[in-house]
Student: 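Would you mind keeping the following structure in view while I ask a few things?
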Amino acid sequence: MEPDVSIETSCMIRIAVLPIGKVPPPLLRDYHSMLLPHHTIPLSTISSFYTEHQKSPFSHQPWDTGSLQFKFLLGGSPPSPWEDFQPYRKFLSVIGICHCPSSPDLDHVIDQFNAACKIYTSALVLRCFAFCPGDSQLDDGKKRENLVLFPPADRTMQEFHLHTMMQDIAASLLMEFEKWVLQAESSGTLLKTPLDSQATLSSEEVIKAKKRRLARAQKTIGDYCLLAGSPVDANAHYTTALELARLTADYFWYAGALEGSVCAILVDQIGQKDTGVEDEVRYRYNNVITHYRKSFIQDNVQRRKLIKEVVELLTNAADGAKSLIDANDRLILYVEIARLFGALGYQRKAAFFSRQVAQLYLQQENRFAATSAMQVLGMTTKAYRVQSRASIAKHSISNETEPGHADSGKLHHLLVVSLFESQWSTLQMVVLREILLSAVRAGDPLAAWSAAARLLRSYYPLITPAGQNGLASALKSAAERLPSGTRCADPALPFIRVYSFPLHPSQMDIVKRNPAREDWWAGSAPSGPFIYTPFSKGEPTKNGKQDLVWIVGEPVQVFVELANPCGFDLKVDNIYLSVQSGNFDAFPLSVDLPTNSSEVIMLSGIPTSVGRVEIPGCTVHCFG
């Protein structure tokens, strides 16, 4: 969907309005506002500027009642890839705005204007309006192409002068449209859209495009008839285009011609209220939607066939890579294969070959190659679902280190079980190990800590004792190299869960959630620096919630259980309650956790505004 677009947009001529030289912003807005009233130029007012060089192709031109419609876009815009399909998207004229007191050299002004117009290759009429020229600029007598001087005058005179110039532009555009239509049927130009395959790829596509050229040319002629203000001529060409497009099964252009005919009917009947016309427009537009949908289905079938062929070619190329002796040749080939698979939407295949690229980089045993490997592997984390929290949007993050969110202990417990039971987790571990290795070689301690933390947090049941020692060494080395106070988005230790909470600040009794539950974190004594015994399956998740009431301004307490399942002591510098709204004053604590131990601590804070806070198993309502 596009803003500021309607059915009648098809008959509007786009004109880019560009500042040339130094134009003060208030003056530029003023000059632009002077153009806006001239968005409609009646055909009856341009006869003194119009010359019929040969018989006009617009045989039903409504000279007495018709008009040309202009749409002025200040600053212009980049070219559209749909310009062949919908000519109204082209900038068919460019108007430059120059403030002569700020740009005294008019020759330089023209050079700047011509340079600015180069990107508007479809523009048929160019004019540079120079306002407030000085006496020396008016008297130099040099004629410069496309430069129009507006001598100093009152507002009324300047607007009259501008109106005359817009009539000249309208007549010039009309004559250019006539010239284009007369040449269109004889020219062999292939009209395409982004939906068409590149003609250079297949001779079959070239043959198909040639068969469809006549229908597309007739549709485009109809578009120019609309822009020229002749809806009857446009409708005649659209009718021819519909017949030809139907014969060649060119459904997209058929729908475009049908859409153009709807605009032609509306323009021809403008100002009249006829229920029959309204019904006809409604019927035709339903057909437009139907045929656009049909064209997309047809295009998708063709694209699937092409994609299948490309996938086969890429697979064969990957097999051929094994015979390449030079590792650099293999690296270049894998880069291209990964890029093409990604462009086709095969993200897992792209990730697989990206890993091949990373492995070839890691064979080079130097820091720059390791950095490249780390960057390439970073692009695969989304496909393998092991991305760092830093790369995920904040609104989708469930922060495990904050007990004010989900019961991270239980969720973590269930996550580990599901990962342990899945072969997919083994591949995810391999990817994280590769990222860890490349980060260590590249000398990036934060990236190394992030990868190690993700391994520890989610995959410790699968890590062998030897692997645990390597992981502990990587964490220790990264911690020593990181500046004090550095925080990583990926949590590692300790494991946290909400233990219990009071129903009301004035109620001193603690309501325990699961009084009979065994220690949720314990398995057996660790066989390495981390736990190596898989967790037993936890309790079934309970969906029931309790309603709690907290009073704004009164302190509240939440009991949290911290666990250190590792074979070393752990110091937590700072832990506190936090809520998503931020309307909460918290009191942080520091905790020391010995080896293979847990501790229940009380976190407290004060709600500062009315609202609703989510705590696992309950909903807290804060009242003033």
Side-chain angles (χ1 to χ4, degrees), residues 1-15 36-46 56-73 80 82-93 170 173-174 177-178 180-181 215-246 251-293 295:
M1 298 299 291
E2 298 178 67
D4 197 26
V5 172
S6 64
I7 296 175
E8 294 87 344
T9 302
S10 299
C11 65
M12 293 182 182
I13 300 168
R14 290 192 180 192
I15 298 180
L36 295 178
H38 305 293
H39 58 82
T40 301
I41 304 295
L43 292 173
S44 59
T45 65
I46 68 172
S56 173
F58 308 133
S59 55
H60 297 89
Q61 187 84 15
W63 286 101
D64 295 330
T65 59
S67 62
L68 266 62
Q69 305 292 323
F70 292 154
K71 184 175 184 179
F72 302 100
L73 276 78
S80 168
W82 296 93
E83 289 182 353
D84 275 358
F85 181 65
Q86 293 170 323
Y88 76 83
R89 294 180 180 274
K90 297 180 180 180
F91 282 96
L92 296 167
S93 179
L173 282 169
L174 180 58
F177 293 161
E178 290 176 346
W180 190 94
V181 169
R216 296 184 176 190
Q218 285 295 314
K219 186 264 180 193
T220 308
I221 291 172
D223 293 332
Y224 276 96
C225 290
L226 268 184
L227 294 172
S230 182
V232 176
D233 287 313
N235 209 20
H237 287 286
Y238 286 138
T239 301
T240 305
L242 290 170
E243 292 299 324
L244 294 172
R246 185 184 291 112
Y251 296 118
F252 192 78
W253 285 74
Y254 181 95
L258 199 57
E259 188 174 18
S261 71
V262 173
C263 180
I265 291 173
L266 288 177
V267 172
D268 190 40
Q269 302 292 327
I270 196 165
Q272 303 178 24
K273 289 190 175 181
D274 187 338
T275 55
V277 172
E278 292 178 3
D279 291 341
E280 178 67 16
V281 167
R282 191 176 294 109
Y283 170 76
R284 290 197 184 199
Y285 225 86
N286 284 334
N287 278 340
V288 169
I289 295 169
T290 299
H291 282 87
Y292 273 136
R293 187 181 296 124
S295 71

Student: Could you grab the distance from atom NZ of Lys219 to atom CG of Asp84, nearest 0.5 Å is fine?
Tutor: 9.5 Å
Student: Would you compute the distance between atom CD of Glu259 and atom CD of Gln86 and round it to the nearest 0.5 angstrom?
Tutor: 6.0 Å
Student: Could you grab the distance from atom OG of Ser230 to atom CG of Leu68, nearest 0.5 Å is fine?
Tutor: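 It is 10.5 Å, given to the nearest 0.5 Å.
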Student: Among all residues two or more places apart in sequence or in another chain, which pass the side chain to side chain contact (heavy atoms under 4.5 Å, CB included) test with Ser80?
Tutor: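 Side chain to side chain contact (heavy atoms under 4.5 Å, CB included) check on Ser80 returns Trp82, Glu83, Arg89.
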Student: Please step through ring pair (Phe, Tyr, Trp, His ring centres under 6.0 Å) for the pair Phe85 and Phe252, ending with a clear verdict.
Tutor: CA-CA 10 Å; Phe85 181 65; Phe252 192 78; 4.6 Å; yes
Student: I need the minimum non-hydrogen distance between Tyr88 and Ser10, along with the two atoms involved.
Tutor: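 Scanning both residues completely, I find the closest heavy atoms to be CD2-CA, 3.7 Å.
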Student: So, for Ala215 and Ala245, which heavy atoms are closest and what is the spacing to 0.1 Å?
Tutor: CB-N, 3.5 Å
Student: Spell out, as yes or no, whether a donor-acceptor pair under 3.5 Å connects the side chain of Asp233 to the backbone of Ser59.
Tutor: yes
Student: Once rounded to the nearest 0.5 Å, what's the spacing between atom CZ of Phe177 and atom CD1 of Ile221?
Tutor: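 Rounded to the nearest 0.5 Å, the CZ-CD1 separation comes out at 14.0 Å.
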Student: Minimum heavy-atom separation for Leu227 to Cys11, with atom names?
Tutor: CD2-C, 3.8 Å
Student: Measuring from atom CD of Gln218 to atom OG1 of Thr239, what distance do you get when rounded to the nearest 0.5 angstrom?
Tutor: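 Separation between the atoms: 10.0 Å.
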Student: Considering all heavy atoms of both residues, which atom of Ser261 and which atom of Asn235 are nearest to each other, and what is their separation?
Tutor: CB-OD1, 3.5 Å
Student: Would you name the heavy atoms of Glu178 and Phe58 that are closest together and state the gap between them?
Tutor: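 So the minimum-distance heavy-atom pair works out to CG-CE1, 3.5 Å.
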Student: Any donor-acceptor pair under 3.5 Å linking the side chain of Gln61 with the backbone of Ala228?
Tutor: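 Yes.
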Student: Taking Pro87 as the fixed residue, which of Thr220, Ile13, Leu226 is the one that meets the side chain to side chain contact (heavy atoms under 4.5 Å, CB included) rule?
Tutor: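 Single pass found, and it is Thr220.
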Student: Distance check, rounded to the nearest 0.5 Å: His39 atom NE2 versus Phe72 atom CZ?
Tutor: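 So the gap between those two atoms works out to 9.0 Å.
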Student: Tell me the closest heavy-atom pair linking Phe70 and Ile41, and the distance in Å.
Tutor: CE1-CG1, 3.6 Å
